[in-house]
Number of protein chains: 2
Amino acid sequence: MTSSDRPLPTKDRLIQAAARLFRRYGYNGVGLNDILEAAKAPKGSLYHHFPNGKTDLAIAAATWASDGMLRTMAASFENADSFEAGFATLCHKLAKLFELSGQSDGCPVSGALFDGPENEDFRKTTDHIFEGWISEAEHYAIRFGDNPDDARRKAELLFMLIEGGWTMARAKRSSDVLRHLPEKLAAL
Amino acid sequence: MTSSDRPLPTKDRLIQAAARLFRRYGYNGVGLNDILEAAKAPKGSLYHHFPNGKTDLAIAAATWASDGMLRTMAASFENADSFEAGFATLCHKLAKLFELSGQSDGCPVSGALFDGPENEDFRKTTDHIFEGWISEAEHYAIRFGDNPDDARRKAELLFMLIEGGWTMARAKRSSDVLRHLPEKLAAL
DNA sequence: ACATCACTAGACCAATCGGTCCAGACCTGT
DNA sequence: ACAGGTCTGGACCGATTGGTCTAGTGATGT
């Protein structure tokens, strides 16, 4: 039923198992053996599909997770009639996903890459992925009539609130942090 | 000159070296030998001062770093004449500190503890420390005349924006993300 | 039937991990 | 001078780490 069943090709099983584990335990908190066991793959397969080993796999996992996030964003803003409504829907979806993870999974990209070594490739990939999320949100804001400057600011605000929300939700083990995120802006 | 000179007692040297390294590389990204070398202390001293080893040291390091953050917050809001002004000063101070770290140090508490194992002690400590920051900000908001509900919301907003700002600043290697954080709120 | 190639399987490796242990150095009070 | 504690120094340990290597399997095209 879930997306990690056996029929998936080995490479995809590796990517998804890695994404799930990195997200929860961080890059350095996950050993190759953990990933291999979760993906039911031998070590030889890993190094066949990812010649550079763990680092390649982490980048693939973060990229795969980012695609999921972009789809969630698109689904949230698709039928929204304002930026704020889309943001609220997104927060509810993220809260639901957070619950399904056992209230413990934060940003999949930070988990897979930040935690990693002082690695410039990792940093660039992270920046690129985050920029993708922000510019996606920026487009939504523009579509709803914001001028470019305001749109960019709103998009960055959305990004930072979600990242901070993930952090706080993990610490509190509460999906409500994410769910009630939009209302926080009302205090201004 | 810096606070990590030799005259400091061994225990303090261990705490500060650990805090610095955990913040940059994460809990699992730092080995005991790294800390020992940075603190110029032998292994025996570490396990004398912290019988439970790495976990104890991480909690002590996060707590020490949290005290610094609380002092920075107090210094920012002390002479401010509004919550927004205090927030802006805080962001500038954090941006400066981020620059001094070589544009790579994020939240010291997430680095030391989140990254750690699925450890309930770590999670509780993180929650406790974060709650300390938020309630501190909440007091400032109340002092400037906000009603309790708005104050709490503002404080949580401040916290999440700073956490998200740290994440984005690391990805972009730019302290401007933190520095210009307050202006982002103007887009609403 | 055979060759080819993509892929799997896992034994194996040096390096590093967090942690234990104990001998001795250094203080203190008597 | 001696005793008792605190603290230091580092050798040592089993487990685990990411990574290498080679033998073998299975599908495909000819």
Side-chain angles (χ1 to χ4, degrees), chain A residues 4-22 24-62 111-122, chain B residues 4-22 24-62 111-122:
Chain A
S4 59
D5 279 341
R6 249 302 202 152
L8 272 175
T10 303
K11 187 172 184 179
D12 294 319
R13 280 191 339 259
L14 283 167
I15 290 177
Q16 295 181 24
R20 186 165 42 84
L21 290 168
F22 283 149
R24 181 161 311 183
Y25 303 104
Y27 180 82
N28 287 303
V30 178
L32 254 30
N33 293 333
D34 301 327
I35 300 172
L36 263 12
E37 187 183 359
K40 293 190 203 321
K43 205 164 263 192
S45 300
L46 198 167
Y47 280 88
H48 171 77
H49 293 293
F50 303 95
N52 287 341
K54 200 185 184 186
T55 52
D56 274 8
L57 180 55
I59 288 179
L113 302 184
F114 258 177
D115 192 15
E118 195 95 319
N119 182 327
E120 185 63 9
D121 277 352
F122 275 13
Chain B
S4 59
D5 277 341
R6 252 298 204 155
L8 272 176
T10 302
K11 187 172 184 178
D12 294 319
R13 268 184 295 136
L14 283 167
I15 289 177
Q16 295 181 24
R20 186 165 43 83
L21 290 168
F22 283 150
R24 180 161 311 182
Y25 302 105
Y27 180 81
N28 288 302
V30 178
L32 287 186
N33 293 334
D34 301 327
I35 300 172
L36 262 11
E37 188 184 1
K40 292 190 204 320
K43 205 164 263 192
S45 300
L46 198 167
Y47 280 89
H48 172 77
H49 294 292
F50 304 96
N52 288 341
K54 200 184 183 186
T55 52
D56 275 9
L57 180 55
I59 288 178
L113 301 184
F114 258 176
D115 193 17
E118 195 96 317
N119 181 328
E120 184 65 7
D121 277 351
F122 276 12

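In the text below, chain A, chain B and the rest are named by the order of the sequence lines, each starting its count at 1. Only heavy atoms go into these numbers, but all of them, side chains included; no hydrogens, no water, no symmetry mates.
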Hey, does the side chain of B:N119 reach the backbone of B:F122 with a donor-acceptor pair shorter than 3.5 angstrom?
yes

Measuring only between side-chain heavy atoms, which start at C-beta, is B:I35 closer than 4.5 Å to B:L57?
yes

All stems with DNA chain D, defined as three or more consecutive Watson-Crick or G-U pairs under 3.5 Å
C:1-30 with D:1-30

For B:A39 and B:R13, which heavy atoms make the closest approach, and how far apart are they?
O-NH1, 2.6 Å

Can you find a pair of side-chain heavy atoms, one from A:T55 and one from A:Y27, that are under 4.5 Å apart?
yes

In whole angstrom, give the distance that lies between atom CZ of A:F50 and atom P of C:dA6.
17 Å

Spacing between B:L14 atom CG and D:dG9 atom P, to the nearest angstrom
11 Å

Whole angstrom value for the distance that separates C1' of C:dG10 from NZ of A:K40
17 Å

Which protein N or O atoms sit under 3.5 Å from an N or O of nucleotides 3-7 of chain D?
| residue | atom | partner | partner atom | Å |
| --- | --- | --- | --- | --- |
| D:dC7 | OP2 | B:H48 | NE2 | 2.7 |
| D:dC7 | O5' | B:H48 | NE2 | 3.3 |

Do B:I59 and B:F50 come within less than 4.5 Å of each other through their side chains, counting heavy atoms only?
no

Closest non-hydrogen atom pair, B:L14 against B:A41
CD2-CB, 4.1 Å

Any B:K40 side-chain heavy atom under 4.5 Å of B:T10 side chain
no

Which pairs, protein N/O on one side and nucleotides 18-21 of chain D N/O on the other, fall under 3.5 Å?
| residue | atom | partner | partner atom | Å |
| --- | --- | --- | --- | --- |
| D:dG18 | OP1 | A:V30 | O | 3.1 |
| D:dG18 | OP1 | A:K54 | NZ | 2.6 |
| D:dG18 | OP2 | A:L32 | N | 2.5 |
| D:dG19 | OP2 | A:Y47 | OH | 2.8 |
| D:dG19 | OP2 | A:K54 | N | 3.2 |
| D:dG19 | O5' | A:Y47 | OH | 3.1 |
| D:dG19 | N7 | A:K43 | NZ | 3.2 |
| D:dG19 | O6 | A:K43 | NZ | 2.4 |

What is the distance from CG of A:L36 to P of C:dT8, rounded to the nearest Å?
11 Å

Ignoring hydrogens and geometry, is there a side-chain-to-backbone donor-acceptor pair from B:K54 to B:V30 under 3.5 Å?
yes

Find the distance between CG (A:L21) and CD (A:E37) and round it off to the nearest 0.5 Å.
9.5 Å

B:I15 to B:A61 - nearest heavy-atom pair and separation:
O-CB, 3.8 Å

